[in-house]
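Below, all heavy atoms of this structure are taken into account, side chains as well, without hydrogens, waters or symmetry copies.
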Amino acid sequence: MCGIAVCFSPNHLSEISDLVGDLHHRGPDDEGFFHSHDVNFSMGMRRLSIQDLEGGHQPIFSQNNDYVIVFNGEIFNADQLRSELLNIGYLFRTEHSDTEVIVAGISLYGIDFVQRLNGMFSAAIYNIRDKKIILIRDQLGIKPLYYKIYNNNIAISSEINSLIRLFQTSDISQISTAHFLSFGHIQNSDSIYSDIKQVSPGSIMIIDLDENHLKIEKKSYWSPYKTGNKITFNNEELYAQINSAVDRWSISDVPISLSLSGGTDSSIILHHLLKQGKKPECYSVIFNNGDSPEDTNRKYLVNQYNLNINEIVYDDSRLVDDIENIIYSLGEPYSGSIASWLIYKSAVHKEKVMLSGTGGDELFGNYSKWRYFSKPATLLLDKLKRIKNGNPIHYKYFKNSYKYFPNIFTLEDLLGLMSNENEVNKSWGIMERNLRKENLFTRPSFYDLLGQLTSEFLFMSDRFSMHNSIELRTPLLDISLVDYVLKIPYKDRSRFRNPKKLLIDTYKDKIPSLKILNNKQGFSHQNSLIFGPLKEYFLDLTSDFDKACFPIFDSFNIIESLRNIVLNNETNISSQKYNQIWTIFMFLAWCEKQKKL
């Protein structure tokens with residue numbers, strides 16, 4: 001696991017040094033650089049050593065020295081790919097570096113080789129002969145990769161903060177802000193800044209370093225819409241698929257650990273680790289005196305298998321003391337739970353690799369957002385909308401259908417809050433276009449997979465874990481497993497009264513303690529923070545607005561009304577109001593932090 005950076009500019013030598021220096025926490029074990037002699041180009045990396053501890057130094061060159069790579073992540077089918085390349089005569093320089101497998105495959109087969117990679121990754125490969133940069137990102141966007149194009153130059157980094165430090169100023173995007181305030185996250189190809197973008201999940205970006213004009217080509221190599229024909233599944237096949245995924249994603253030359261909430265997904269991962277003879281160190285945050293169904297299940301598992309578990313008792317003060325580090329580590333606004341920070345901070349200097357059950361809910365339907373659309377009248381409305389010869393769904397209809405999405409601020413709220421109506425409408429239109437092709441039952445599933453999972457949960461997990469120099473792995477997002485599950489009809493994956501039916505049916509006899517679990521509990525602590533130790537901070541942030549500092553806002557009436565709720569301790573409010581208060585707090589706190597970079 002690493003942090004990587006690339007520069008193409010007249011000042012590339014100093015810029016690459018600054019960018020890589022800002023990524024030290026992502027890779028405290030090693031660093032490396034490549035500087036071109038022909039063009040103003042450099043690439044560099046910081047390394048967290050997980051596999052091939054002695055031989056994995058980067059950058060790594062291809063056999064013929066035509067390609068050089070810096071890589072962030074892990075390829076979990078690298079041994080299989082390496083064997084195939086060895087069989088056709090490729091001469092490797094390392095013992096088992098997955099980084100070298102990527103550059104070897106691309107040098108022999110071209111960029112289509114990326115389609116065969118199973119793992120979590122982002123990488124920059126430089127074609128020395130043709131003077132082209134190839135950027136790749138894994139199918140679900142587990143690993144980030146940002147870029148900024150300016151004056152026919154480009155800078156690329158694993159983290160947005162390093163780009164902001166280098167260039168000092170960037171304009172906040174109206175579209176991204178509207179999207180964040182509506183849905184709690186930013187589109188996975190954009191950033192909060194208008195001039196900084198991300199390589200999209202499941203895509204390749206090719207940059208031709210023409211001295212007069214950068215030529216950029218983007219290609220998608222994976223999409224959940226293209227997973228193939230539906231299949232007839234059986235529980236044993238699903239069990240075997242998950243077992244293989246956990247086996248692949250637990251390969252490591254250092255000990256592994258597990259974030260064990262006691263919920264269905266982390267319990268399943270533990271089951272397979274133990275079955276494979278791997279006994280992980282476990283970590284968990286304890287809420288509400290530890291009396292939830294997840295807590296009961298976790299205690300049973302710990303006692304049953306004599307696990308060593310690090311239990312972090314939740315306390316608001318633990319997060320308040322670290323709130324500035326938390327906001328800095330994210331780099332962009334984030335509106336979700338921050339409690340998992342406590343796990344990574346507890347494990348820092350003790351663990352290098354941690355597994356989690358992230359992704360199980362999105363794949364197997366536990367959020368049940370489609371339940372609203374089981375009503376016959378809603379299905380009829382959807383059918384009527386679809387027979388209009390492909391006309392776009394009107395925003396009003398789309399807004400109403402958003403009852404299954406985490407709609408924090410409504411479209412009307414945003415139009416009253418923000419200064420650019422066209423940009424607000426664009427942010428909603430992006431989500432509409434992304435989901436229009438899906439029916440009402442699969443729309444929520446694809447929203448979870450393409451939107452909230454990548455742009456909220458994986459975003460947070462990567463930033464929190466890597467800030468503490470820990471590689472977080474998500475075995476349930478193994479791409480072979482994902483492709484298999486997406487071929488199972490959605491109605492077979494989930495039921496109205498049993499949202500995770502397929503998963504529970506597969507494991508109910510193998511993990512008997514799962515029977516005590518009900519719907520996902522999750523981390524819920526934001527309310528006590530805002531009306532408790534963060535109250536004064538929130539009131540300070542919302543007390544005196546300078547329009548020059550917040551040109552994206554046209555009116556502060558909504559923010560002032562939320563401030564009054566907190567000021568007057570009006571805790572008997574809707575969950576949506578709580579979400580609005582927390583989202584505004586995190587956005588304004590992020591704005592404040594950016595001024596200090």
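When every heavy atom of Ile470 is checked against every heavy atom of Ala347, the shortest pair comes out as CD1-CB, 3.7 Å. Contact record, Gly44 with Phe33: CA-CD2, 4.0 Å, taken as the closest heavy-atom pair. Minimum heavy-atom separation, Gly119 to Ile142: O-CD1, 4.5 Å. The two atoms that bring Ser252 and Val254 nearest to each other are OG-O, 2.7 Å, heavy atoms only. Between Gly184 and Glu456, the shortest heavy-atom contact is O-OE1, 4.2 Å. A pairwise comparison of heavy atoms in Met460 and Ser340 identifies SD-OG, 3.3 Å as the closest pair.
Remark: the backbone N or O of Leu476 is not paired with any side-chain donor or acceptor of Thr474 at under 3.5 angstrom. Proximity of a side-chain donor or acceptor of Ser465 to a complementary backbone N or O of Asp462 within less than 3.5 Å is detected. Side-chain atoms of Asn297 never come within 3.5 Å of backbone atoms of Glu294 as a donor-acceptor pair (strictly under, hydrogens ignored). Ser244 contributes no side-chain N or O that, together with a main-chain N or O of Gln241, makes up a donor-acceptor pair within less than 3.5 Å. Panel note: side chain Asn77, backbone Arg116; a donor-acceptor pair is recorded below 3.5 Å. Gln58 places a side-chain N or O within donor-acceptor distance of the main-chain N or O of Phe71, the cut-off being under 3.5 Å. Between the side chain of Ser455 and the backbone N or O of Gln187, no donor-acceptor pair lies under 3.5 Å. Remark: the backbone N or O of Asp247 is paired with a side-chain donor or acceptor of Ser250 at under 3.5 angstrom. Trp582 places no side-chain N or O within 3.5 Å of a backbone atom of Asn527 that could act as its donor or acceptor partner. Judged purely by atom type and a 3.5 angstrom limit, Gln168 uses its side chain to pair as donor or acceptor with the backbone of Arg165.
For residues 330-346, the salt bridge (Lys or Arg N to Asp or Glu O under 4.0 Å) pairs, not counting sequence neighbours, are Asp322-Lys345.
None of His467, Glu159, Glu471 except one satisfies the side-chain hydrogen bond (donor to acceptor under 3.5 Å, both in side chains) rule with Arg26; the exception is Glu159. When Tyr334, Tyr193, Phe585 are each tested for a ring-ring contact (aromatic ring centres under 6.0 Å, His included) with Trp590, only one passes: Tyr193. No option in Asp265, Thr264, Thr506 other than Asp265 meets the side-chain hydrogen bond (donor to acceptor under 3.5 Å, both in side chains) test with Lys500.
Contact check for Asp138 versus Leu117: no side-chain heavy atoms found under the 4.5 Å cut-off. In this structure the side chain of Ile16 never reaches within 4.5 angstrom of the side chain of His12, judged on heavy atoms. Thr583 places a side-chain heavy atom less than 4.5 Å from the side chain of Leu181. At least one side-chain heavy atom of Arg248 sits under 4.5 Å from a side-chain heavy atom of Ser480. With a 4.5 Å cut-off on side-chain heavy atoms, Ile242 and Leu503 count as touching. At least one side-chain heavy atom of Arg318 sits less than 4.5 Å from a side-chain heavy atom of Ile312. Looking only at side-chain heavy atoms (C-beta outward), Leu307 and Leu258 stay at 4.5 Å or farther from each other. In this structure, the side chains of Val6 and Ile154 stay at 4.5 Å or more apart for every pair of heavy atoms.
Ring to ring, Phe531 and Tyr578 are close: their centroids are under 6.0 angstrom apart. Annotation: Tyr507 is in aromatic contact with His272 [ring centroid separation under 6.0 Å]. The aromatic ring centroids of Tyr328 and Trp341 lie 6.0 Å or more from each other.
Asp30 and His57 share a donor-acceptor pair across their side chains, judged by distance under 3.5 Å alone. Neither side chain, Ser189 nor Arg137, offers a donor N or O lying under 3.5 Å from an acceptor on the other. Using modelled atom types, one finds a donor on one side chain and an acceptor on the other under 3.5 Å when comparing Asp195 with Ser170. Ser346 and Asn310 share no side-chain donor-acceptor pair at under 3.5 Å. Side-chain N/O atoms of His25 and Ser469 include no donor and acceptor closer than 3.5 Å. Side-chain contact, Ser9 with Asn11: no donor N or O sits under 3.5 Å from an acceptor N or O.
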Test side-chain contact (heavy atoms from CB on, under 4.5 Å) on Arg298 and Glu311 and set out the steps.
CA-CA 11 Å; Arg298 184 183 63 254; Glu311 294 184 333; 3.8 Å; yes
Start with the C-alpha gap between Tyr305 and Asn303, add the side-chain angles, then the distance that decides, and say whether side-chain hydrogen bond (donor to acceptor under 3.5 Å, both in side chains) holds.
CA-CA 6 Å; Tyr305 299 107; Asn303 293 329; over 6 Å; no
Give the intermediate values and the outcome of side-chain contact (heavy atoms from CB on, under 4.5 Å) for residues Ile172 and Gln594.
CA-CA 11 Å; Ile172 294 176; Gln594 293 306 295; over 6 Å; no
Give the C-alpha distance, both sets of side-chain angles, the deciding distance and a yes or no for side-chain contact (heavy atoms from CB on, under 4.5 Å) between Asn306 and Lys279.
CA-CA 10 Å; Asn306 192 28; Lys279 193 172 185 179; 4.0 Å; yes
Verify side-chain hydrogen bond (donor to acceptor under 3.5 Å, both in side chains) between Gln276 and Asn243, making sure each step is shown before the conclusion.
CA-CA 9 Å; Gln276 295 161 10; Asn243 188 63; 3.0 Å; yes
Show your reasoning for whether side-chain contact (heavy atoms from CB on, under 4.5 Å) applies to Phe464 and Leu472.
CA-CA 9 Å; Phe464 282 4; Leu472 187 74; over 6 Å; no
Walk me through it: do Asp540 and Ser543 pass the test side-chain hydrogen bond (donor to acceptor under 3.5 Å, both in side chains)?
CA-CA 5 Å; Asp540 286 344; Ser543 62; 5.1 Å; no
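Distance CE/Met205 to CD/Gln198: 12.0 Å, rounded to 0.5 Å. In this structure, Ser42 OG and Leu13 CG are separated by 5.0 Å, a value rounded to the nearest 0.5 Å. Separation of atoms CG (Asp190) and OH (Tyr146) is listed at 10.5 Å; rounding is to 0.5 Å. Taken from OG in Ser267 to NE2 in His271, the straight-line distance is 11.0 Å, to the nearest 0.5 Å. Rounding to the nearest 0.5 Å gives a distance of 5.0 Å between CD1 of Ile196 and CG of Leu163. The CD atom of Glu15 sits 5.0 Å away from atom CZ of Phe167, with the distance rounded to the nearest 0.5 Å.
Looking at residues two or more places apart in sequence or on another chain, you find no salt bridge (Lys or Arg N to Asp or Glu O under 4.0 Å) involving Asp79. Evaluation of the salt bridge (Lys or Arg N to Asp or Glu O under 4.0 Å) rule for Asp18 yields no partner, not counting sequence neighbours.
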